[in-house]
S.K.: 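Structure incoming, see below.
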Amino acid sequence: APKVVSGPGAEPGCFKPWSGETKHMQWAKKPGPYRIAIVNGFVGNTWRIQMIQTAKAYAEQAGMKEKIKELKVVSTGTDVAAQLGAMEDFINQGYDAIITIAVAPDGFDRVIRLADRNNVVVVPFDNVLDTDKVMQVNEDQLEIGRLSARHILKELGSKREGKVLEVRGLPGNSVDRDRHLGFREVMGKEAAKMQIVEIVGNWDDGTAQKATADALAVHGKFEAVFTQGGSTGTVRAMMDAKHPFVPMAGEAENGYRKLIAKHANDGLKGLSYGQSPGLVAISMKAALSALEGNAMPQLISVPIPVVDYTTLKAGENFWPDLTDNFFAANAFPACGVNISAPEIMGKDAKNTQ
Amino acid sequence: MSPFLALSGISKRYGGVRALENVDFACAPGSIHAVLGENGAGKSTLIKIVSGVVQPDTGAMTLDGAPVRFPTPAAANRAGVVCIFQELSLMPDLTVADNISISDPPRRLGLIDARAQRRRAEALLARLGCEDVNPQIRVRDLPLSRRQMVEIAKALGKDPRLLILDEATSALTAADVEQVYRMLARLKEEGTAILYISHRMHEIEALADTLSVFRNGRHVETFAKGQRTNRQIVEAMIGRDIAAQYPPKPERPRPPPSLEVTDLGWAGRLKDLTFSVGPGEILGLGGLDGQGQKEVLLALFGVLKGVTGTVSVEGRPHRPGSPADARRAALALIPEDRKTEGLMLPMSVGDNLVAASFDRIAAGPFIDADRQRRAIDEAIRRLQIKVGDPGDPVSTLSGGNQQKVVIAKWLMTQPRLILLNDPTRGIDVGTKQEIYRLLRELADAGAAILFYSTDYDELIGCCDRVAVMYDGRIVRELQGDAITERAIVASALNIEQEADPAHG
Amino acid sequence: MNALTVQIRPDTKPILIAAGFILVILGVGTIYTLATQGAATLLSPAYLIQQLQTGAFLGLVAAGMMLVILIGHIDLSVAWTLTAAAMTATAVGGPWAIPAGLGVGLAVGLLNGIGVAYLRVPSMIFTLGVNAVLRGLMVAQTGGFAPQTAATDAMRFIGAERVSGVPVALVVWVAVSLAIGVILTRTAFGRSLYAIGNREAAAYLSGIPTRRVTCLAFVLCSLFAALAGVMLAGYSTKAFQGMGDAYVLPAIAAVVIGGTHILGGRGRYMGTVVGVILIVLLNSVLSIMQMPEAGRQVIYGGVIIVMLLVYGRGERATS
Amino acid sequence: MADAITADTAPARASARPAGSGDLRLRLRQNAGLLGAVALFVLFYGLYNLYHPRGFSTQVLIQNANEILTLSLLAMAQTVPVLLGGLDLSVGAVMTLVNCLASHLVAGSPAQIALGIAACLGAGAAFGFVNGCIVVYGRIQPIIATLASGAIAMGLALFLRPKPGGKIDADLSWAMTNALSDFAETYGLFEDGKAAWFQPVAWIPVPLLVLSAFALLVWVPFRRTLTGRTIYAIGSAEGAAYMSGLPIARAKLAAFTLAGFFAGAGGLFLAIQTSTGNADIPQASTYTLNSIAAVVIGGTSLLGGTGGAIASVVGALVLRAISFNFRIFDVPPLLQPLVEGLVLLAAVSLGALRALRAKNRLELFR
Ligand SMILES: Nc1ncnc2c1ncn2[C@@H]1O[C@H](COP(=O)(O)OP(=O)(O)OP(=O)(O)O)[C@@H](O)[C@H]1O
Ligand SMILES: Nc1ncnc2c1ncn2[C@@H]1O[C@H](COP(=O)(O)OP(=O)(O)OP(=O)(O)O)[C@@H](O)[C@H]1O
Ligand SMILES: [Mg+2]
Ligand SMILES: [Mg+2]
């Protein structure tokens with residue numbers, strides 16, 4: 001089991017503690033190379049596929065390759081029992097670290113207990129756990145909501161009335177909740193008069209597009225839009241409805257960034273933040289660092305990769321020739337993680353035209 | 001003797017159809033009471049009311065003098081009224097033992113005692129001389145005749161005070177019928193009241209003490225055995241005289257065969273069958289039920305896989321892979337069970353009639369509504385199907401009329417070779433006569449007919465030749481005057497006729 | 001008899017009731033918008049046409065689903081058939097995009113048809129397996145080959161564009177609907193579907209090629225799902241994983257709400273059209289009213305049960 | 001004449017009794033589907049254990065037992081309506097509903113916990129009973145009635161748990177998801193599980209005991225009641241069952257109630273296993289679909305009348321065992337869903353062999 005130690009931990013530039021109160025943990029040093037397992041849940045969307053590809057590519061990179069004896073990736077579907085079983089299985093098989101995107105934010109107590117007994121490092125990322133007993137890697141979702149609101153308000157100038165459209169994510173998910181709370185916190189404080197119309201987009205282009213179309217039909221005009229995901233669909237719906245482009249904040253889908261780049265001058269003053277599939281690489285790196293006996297923050301805050309219409313650059317943070325669906329934010333230079341999205345999702349030259 | 005069960009003023013309507021009208025009826029303990037009537041006369045409705053399956057619109061019922069009402073079959077069973085329904089009430093996926101004790105199984109500690117249940121089934125089957133039926137087998141795997149015996153055993157197990165058999169013997173072979181007669185005689189002696197419905201006059205003659213005739217939902221009359229001749233009874237039933245049950249057989253030389261079967265074999269159930277039928281000929285298939293007669297018909301109709309031997313129809317080799325192929329070769333099959341194999345019950349009479357002849361009522365790819373209507377009207381007229389509106393569901397017709405729909409459906413395809421699998425099961429004398437006449441007409445018009453029946457009476461009356469089957473083979477082919485009851489039965493049991501002169 | 005009683009065929013009743021319920025939904029939605037916006041937006045042609053446009057995708061899926069339900073089967077693979085068709089179409093691109101997408105539908109339909117009609121695996125479970133296989137294929141393809149996902153202009157045209165104000169998608173839906181209406185009532189194939197759905201053994205012994213008809217029904221179902229996928233990709237300008245997930249259960253619900261018997265054999269195509277419109281409007285109005293997911297689910301389930309209760313209770317196994 | 005006839009019914013005998021079959025062979029033939037499922041399970045689970053570094057050990061067994069219990073209970077739940085000839089598309093949703101309920105109720109004093117558990121099982125059964133009422137008195141086809149009621153259950157679950165959370169008693173959670181010895185230790189039974197007589201059984205995973213208890217104490221006796229028998233009868237031929245005077249309505253109500261009860265038990269265990277309630281819609285539908293697949297793989301006919309809950313448990317085990325192997329063998333991660341789909345398709349298509357072998361095509365229709 002890890003000891004609670006005082007910070008600072010290794011590579012603070014990359015493994016940034018979440019806050020001042022974040023404690024540090026230290027595992028007994030183990031000799032490498034290590035066996036690492038990634039236990040993914042759901043697999044049927046581009047983000048997850050990109051995540052898996054990133055993990056495989058990262059494990060092959062120099063500096064990593066020597067340290068990793070074996071990398072096993074399994075996807076268990078949206079079934080918490082299967083995910084818990086897979087994690088326990090890898091503990092039983094003697095893997096050194098298990099990286100996971102949790103199907104649910106709770107319920108991993110038993111697995112964590114077993115992992116601690118067997119000195120296995122468990123690293124949840126993206127959908128993290130409501131616990132401080134394991135090392136976790138994520139971006140600050142509250143902050144994503146806040147900076148989206150700030151961007152919108154900045155672009156609206158002095159205008160503080162009218163309607164704002166908020167396209168939410170998957171109901172019941174903590175990421176959805178946190179981004180929503182962060183957004184509302186800033187909007188409530190600084191633009192209390194604006195009416196916020198909430199619809200559910202499930203982080204999915206199709207759902208977001210239809211829900212946005214309905215909202216546009218009924219509410220007529222919005223001053224600004226915050227969409228948690230399915231951002232391309234949200235913009236398409238507005239274009240279909242001939243709604244004027246307005247300030248907007250959304251995810252890091254390549255398609256959305258392409259649209260911003262194209263229509264920024266028409267008023268699509270967009271911000272694109274990224275919950276990056278590259279988080280998996282940072283999680284792997286963190287796991288190795290922990291196995292090497294370094295002190296690590298319990299909760300690692302990965303800087304939010306944000307671009308807006310002023311900082312978009314083709315071939316650098318978006319790719320006009322590549323498909324809409326992948327997530328453009330994938331590299332984290334501060335961590336030495338520099339697997340750019342096209343390397344992962346566009347390696348077949350024929351398809352990248 | 002005071003009546004055991006008495007009905008007074010019972011009426012029942014189904015929509016516009018008057019199934020029963022103001023019926024008074026009574027039956028006494030210790031006697032067998034036959035209920036007669038043509039298809040749709042209301043016999044089944046009567047016994048459904050008695051056994052709690054349907055509720056009468058008006059009228060009252062007394063049992064042992066006390067008024068009763070049976071909201072469900074279970075309630076009727078509790079009062080000792082047990083019915084063997086026309087449509088079998090067995091659960092095909094359950095074992096024989098399960099079925100026999102289904103509603104009141106022997107229990108230990110509240111749970112069903114499988115061993116006791118099995119012993120009970122064995123005992124009841126033994127009472128019917130059916131020791132050969134393994135109680136652990138699924139009913140699905142039994143031939144129809146055995147199923148009916150199981151059904152009877154199941155009813156016996158309920159210790160009935162009033163036992164009703166609604167055409168419960170329609171698929172039974174002579175041997176089984178004999179067993180049933182004995183069982184009924186025993187029950188009668190023990191004081192059980194018995195209601196017996198059958199369209200087979202010889203059974204009625206042999207069994208009934210009292211007879212009641214129904215017509216068009218009315219109780220026409222009740223009389224004791226021997227008071228009427230058969231002819232009078234039939235006249236009371238159908239309102240007219242039936243001069244001759246069977247149409248005369250034409251005297252003509254045997255035609256050249258249009259269907260030739262050589263060494264037909266299938267899965268060990270059919271063995272080297274060789275026979276032929278010519279246009280204008282009716283070839284009967286006889287024998288005990290389950291000797292492969294049904295399989296012969298199915299093999300010719302393309303239903304069976306792995307059929308060996310050669311078959312030719314009108315000189316061309318015939319190897320249908322499906323009924324669709326067979327239909328294109330101008331074959332028709334009237335299947336064994338009209339409810340599950342012959343009809344789409346919830347669909348309308350019209351839709352059922354045209355189901356085999358879409359190509360005949362279509363103009364190009366589209367169905368011609370006009371042609372369809374004419375075809376339907378024509379079919380209804382030709383077979384005199386009693387139906388209010390061709391749009392009514394076929395399920396609302398009586399059994400005989402349903403059977404006519406099946407036959408009419410196939411006649412519409414103008415078949416050259418007609419295969420019939422016991423087509424008169426559960427059909428009244430009047431309709432039977434119509435069907436016999438129709439078969440003869442079709443034959444005269446040049447069709448070849450292969451006719452399987454469990455009723456040797458009609459084999460004798462209808463067929464030009466009879467091939468008797470035993471254990472998947474044709475053991476004997478009878479022709480002309482050689483077609484006698486004795487010859488058929490003897491061959492059916494595979495007994496050399498000469499060796500058995502004493503019996504009969 | 002009351003002379004004023006209008007005789008309604010029993011299979012028309014559900015259609016009328018569902019149509020009435022559509023008016024109720026529009027009414028409730030309008031009351032809401034009047035109260036919150038002061039305008040009856042839901043009654044505007046723009047809104048209604050837009051609903052019909054998005055409804056066209058569900059309409060196509062439901063049309064195919066109905067054919068399969070009529071023969072007493074079900075197709076749970078439409079979700080990934082739709083997605084696979086869309087993804088294949090965009091990956092192929094160019095003039096062959098749409099044929100490639102429809103080709104996927106054809107192939108999946110044949111596979112389903114063979115499994116159900118020839119191997120006689122229960123459709124519920126076979127199509128579930130095919131769905132899993134298709135998902136697996138698409139995951140492998142996305143990860144391994146990074147296919148192009150942008151819709152071609154032709155796809156954009158049939159999915160998103162309008163010709164003199166009328167969405168092309170709606171035109172496609174109407175055309176398919178007319179075709180199915182004729183097929184079901186006026187062709188041997190259509191009649192055979194009903195016959196098989198009522199009693200397959202009897203249909204088979206009537207010389208109806210039941211296996212071929214069953215196969216064809218599955219092929220049509222997959223083809224319509226594929227067409228919906230191609231059009232939906234056009235509407236969204238791209239294909240993406242999981243785009244079909246939102247179509248399976250609503251399609252089944254639409255068919256059933258339209259009065260088609262879930263076990264097959266009975267139902268009119270008009271009912272399915274009305275059912276689709278009902279579901280689309282219900283979803284839209286609930287979304288507009290910002291109904292939380294919990295409430296949506298309860299209303300959704302409640303509507304189905306209440307509608308079926310109102311249609312009249314089914315008859316018993318024996319009568 | 002009559003004597004001659006009764007003296008010889010040999011041919012009929014031949015057709016009624018399959019030639020030379022003992023009852024054992026009859027039984028085997030009647031359970032061919034189940035035997036196939038058992039063979040598949042032995043294959044998949046055997047391979048997994050053979051190549052697992054700690055194969056055939058208690059730890060692995062415990063871990064697997066935890067994985068299979070909920071799905072197995074749902075497979076049992078699904079079996080009962082399927083035997084009727086219906087389907088219950090709400091089992092996953094009822095599981096989720098009870099899971100969320102449990103996350104509110106199963107904590108506190110031992111009495112509260114016991115009460116909470118009873119309430120959870122009761123709630124599952126009650127929801128199943130409502131399903132039964134809709135089916136019996138509303139006369140709506142089960143498949144569509146439960147599609148709708150499943151949505152309602154999901155809605156209620158979301159009301160109870162708009163987002164995942166809640167708490168389950170930690171001791172209970174630990175005790176129920178480990179070996180019997182841990183259970184005894186947690187609750188101080190049998191000298192903390194050290195009693196000598198206790199050792200031979202101490203290794204048994206508690207979830208397996210729970211599963212056996214549900215199977216042997218609920219399902220097996222139920223199957224042998226008149227009501228249980230009636231469920232089979234209805235699935236085989238409803239009209240005949242009614243004509244035979246069987247309690248149709250009662251049996252249908254019981255079937256759906258039992259389905260709700262088993263599904264609720266699954267939800268309760270899921271809550272105990274994960275210490276949370278989570279109204280996860282995709283997870284609910286995954287469980288529903290997997291429960292149907294399990295029933296089919298176990299050899300129960302979707303048309304009703306034949307099969308049983310134990311067979312479905314084997315089906316669930318097969319389903320789970322398929323994916324166990326991905327943890328052992330190196331299948332490229334993005335090909336796993338494809339491989340899993342293909343194996344599933346192959347497994348459910350096993351029954352097709354019978355169809356291909358059938359020599360009489362009429363036997364295929366039913
Ligand atoms: N469920 C029903 N719905 C409508 N009409 C019915 C129904 N059941 C019976 N009938 C009608 O009631 C009349 C009496 O039918 P019933 O079955 O009692 O005749 P039956 O005397 O038993 O004839 P069969 O000899 O053919 O068995 C028939 O005209 C029949 O069409
Ligand atoms: N003819 C029948 N065939 C099959 N099942 C039947 C039949 N009659 C009744 N049942 C079963 O018995 C149950 C109870 O029957 P009952 O007549 O009490 O139902 P009910 O809902 O009260 O009907 P209603 O309201 O029309 O009187 C029915 O729900 C049905 O499942
Ligand atoms: Mg009758
Ligand atoms: Mg009848």
Side-chain angles (χ1 to χ4, degrees), chain B residues 53 72-77 83 85 87-94 98 102-105 107 110-112 114 129-130 132-134 136-138 141-143 145-146 154 173-175 178-179 266-267 288-291 295 298 303-306 322 341 470-471 486 489 493-495 500 503-504, chain D residues 1-19 21 23 26-27 29-30 83 220-226 228-230 232-249 301 303-307 356-363 365-366:
Chain B
V53 177
T72 61
N77 284 347
C83 182
F85 293 98
E87 304 87 8
L88 296 182
S89 59
L90 296 177
M91 276 56 75
D93 294 304
L94 302 191
D98 286 344
I102 188 77
S103 56
D104 192 17
R107 273 173 270 206
L111 299 182
I112 295 170
C130 283
D132 56 303
V133 175
N134 180 350
Q136 295 305 106
I137 203 168
R138 283 190 189 147
D141 299 329
L142 288 178
S145 59
R146 302 284 87 186
K154 174 180 161 187
T173 52
E178 203 63 41
Q179 287 285 358
W266 174 72
L288 297 175
D289 189 35
Q291 302 306 306
E295 284 78 6
L298 294 181
V303 174
L304 303 185
K305 274 197 293 200
S322 69
E341 299 173 345
Y470 179 85
D471 197 17
R486 161 189 281 247
V489 172
L493 298 172
N494 205 15
I495 305 167
D500 188 31
H503 291 281
Chain D
M1 186 69 238
D3 288 358
I5 292 168
T6 47
D8 190 347
T9 45
R13 185 168 298 159
S15 54
R17 274 211 203 254
S21 78
D23 275 0
L26 194 61
R27 281 284 164 83
R29 223 179 27 153
Q30 288 174 353
L83 286 173
V220 171
F222 175 76
R223 184 186 172 143
R224 288 179 55 194
T225 61
L226 182 61
R229 167 73 52 84
T230 303
Y232 281 83
I234 295 173
S236 192
E238 178 166 359
Y242 178 73
M243 296 287 206
S244 305
L246 295 181
I248 305 279
S301 160
L303 301 168
T306 54
L356 292 178
R357 265 207 319 265
K359 294 209 143 174
N360 181 345
R361 295 202 183 88
L362 277 186
E363 280 166 13
F365 302 108
R366 92 137 206 107

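Numbers restart at 1 for each chain; the letters A, B, ... are given by sequence-line order, proteins then strands. Side-chain atoms are counted along with the backbone in the values below, which use heavy atoms only and exclude waters and symmetry mates.
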S.K.: Looking at residues at least two apart in the chain, or sitting in another chain, which of them share a side chain to side chain donor-acceptor pair (under 3.5 Å) with D:T230?
M.R.: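 By the side chain to side chain donor-acceptor pair (under 3.5 Å) rule, D:T230 matches no residue at all.
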
S.K.: Tell me the closest heavy-atom pair linking B:S89 and B:K154, and the distance in Å.
M.R.: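 Looking at all heavy atoms of both residues, the closest pair is O-NZ, 2.7 Å.
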
S.K.: Non-hydrogen atoms of chain B under 4.5 Å away: do they reach the side chain of D:L226, the backbone, both or neither?
M.R.: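 Interface part for D:L226: both.
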
S.K.: Using non-hydrogen atoms and a 4.5 Å limit, figure out which bit of B:L111 sits close to chain D: side chain, backbone, both or neither.
M.R.: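 Contact with chain D: backbone and side chain both.
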
S.K.: Taking side chain as everything from C-beta outward and backbone as N, CA, C, O, which of these in B:E341 sits under 4.5 Å from a heavy atom of chain D? Side chain, backbone, both or neither.
M.R.: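 The side chain, not the backbone.
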
S.K.: Indicate the atoms forming the closest heavy-atom contact of B:K305 with B:W266, along with that distance.
M.R.: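 Closest approach of B:K305 to B:W266, heavy atoms only: O-NE1, 2.7 Å.
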
S.K.: Between B:R138 and chain D, with a heavy-atom cut-off of 4.5 Å, which part of the residue counts as in contact: side chain, backbone, both or neither?
M.R.: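 Contact with chain D involves both backbone and side-chain atoms of B:R138.
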
S.K.: Does any heavy atom of chain B fall under 4.5 Å from the side chain of D:L83, the backbone, both, or neither of them?
M.R.: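 Neither part; nothing is under 4.5 Å.
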
S.K.: By side chain to side chain donor-acceptor pair (under 3.5 Å), which residues pair with D:R223, not counting sequence neighbours?
M.R.: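 Scan of D:R223 (side chain to side chain donor-acceptor pair (under 3.5 Å), adjacent residues dropped) gives D:Y232.
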
S.K.: If I take atom CG from residue B:L90 and atom CG from residue B:D98, how far apart are they, to the nearest 0.5 angstrom?
M.R.: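 Going from the CG atom of B:L90 to the CG atom of B:D98 covers 11.5 Å.
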
